Amino acid sequence: MYCRQTNYWPSNGYELDDQLEGFRESYRGFFGGSMKDPELEYTYQYAEETGLLSSVPSTLEKYLDYEAFARDLFLEGYSEYDGHVFSDH
């Protein structure tokens, strides 16, 4: 996504520094660890970092369907390319 924008620089109207800053803000990291599914691995981290389940009793946490949540998360605001995750907003 960012490589495509940079390929059109400078005709895309953005300064290179602005594009690099946008990349830094959107890049969430590389997720290619033991889970073998970058989207699912990121979703577990997202839930932990955002405190998504912090108000849910621990006995109910295991009932969250992380795979379905990952699908929705990556349909509406996140992208993954070769294990690298980006926020689209």
Side-chain angles (χ1 to χ4, degrees):
M1 173 173 67
Y2 288 98
C3 291
R4 196 172 332 125
Q5 286 181 346
T6 303
N7 285 337
Y8 295 113
W9 179 81
S11 63
N12 65 5
Y14 294 104
E15 294 292 326
L16 184 58
D17 288 342
D18 293 337
Q19 289 195 182
L20 292 173
E21 183 61 28
F23 173 83
R24 288 183 196 107
E25 289 175 3
S26 295
Y27 186 65
R28 297 296 183 243
F30 178 74
F31 297 87
S34 61
M35 290 186 131
K36 306 295 185 214
D37 181 346
E39 292 180 3
L40 186 58
E41 187 174 337
Y42 176 73
T43 301
Y44 273 93
Q45 179 176 313
Y46 175 89
E48 185 177 317
E49 285 181 351
T50 61
L52 181 70
L53 300 174
S54 62
S55 63
V56 176
S58 59
T59 56
L60 297 178
E61 285 180 19
K62 62 184 172 191
Y63 291 102
L64 176 65
D65 185 345
Y66 280 94
E67 290 177 355
F69 185 58
R71 257 190 323 275
D72 291 347
L73 203 59
F74 281 84
L75 282 174
E76 300 180 13
Y78 290 88
S79 300
E80 181 268 328
Y81 181 79
D82 282 344
H84 299 275
V85 174
F86 299 88
S87 168
D88 296 339
H89 31 72

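What you are looking at is a predicted structure, and each value in this text was computed from that prediction instead of being measured. If you read the sequence from its start, that first residue is 1, and numbering goes on from there. Side-chain atoms are counted along with the backbone in the values below, which use heavy atoms only and exclude waters and symmetry mates.
In terms of heavy-atom proximity, Glu41 sits nearest to Gly32 at OE1-N, 3.7 Å.
The only option from Phe31, Tyr78, Tyr27, Tyr81 that meets the ring pair (Phe, Tyr, Trp, His ring centres under 6.0 Å) definition with Phe86 turns out to be Tyr27.
Follow the hydrophobic side-chain contacts under 4.5 Å out from Val85 and you never reach Leu75; the two are in separate clusters. When hydrophobic clusters are built by joining Ile, Leu, Val, Met, Phe, Trp and Tyr residues whose side-chain heavy atoms come closer than 4.5 Å, directly or via intermediates, Leu53 is grouped together with Tyr44.
Put simply, the side chain of Glu80 never gets that close to the backbone of Pro38: no donor and acceptor are under 3.5 Å apart.
Under the 30°/60° scheme for interplanar angles, the aromatic rings of Tyr42 and Phe74 are found to stand perpendicular.
Rounding to the nearest 0.5 angstrom, the gap separating the OG1 atom in Thr43 from the CG atom in Asp37 is 8.0 Å.
Counted within 6.0 Å of CZ on Phe30, heavy atoms from surrounding residues, nucleotides or ligands total more than 12; the atom is thus considered enclosed.
Residue pairs meeting the side-chain hydrogen bond (donor to acceptor under 3.5 Å, both in side chains) criterion with at least one member in residues 59-68: none, sequence neighbours excluded.
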Could you walk me through whether Glu48 and Gln45 satisfy the side chain to side chain contact (heavy atoms under 4.5 Å, CB included) test, starting with their C-alpha distance in whole Å, then the side-chain angles of each, then the deciding distance to 0.1 Å, before giving a yes or no? CA-CA 5 Å; Glu48 185 177 317; Gln45 179 176 313; 5.7 Å; no
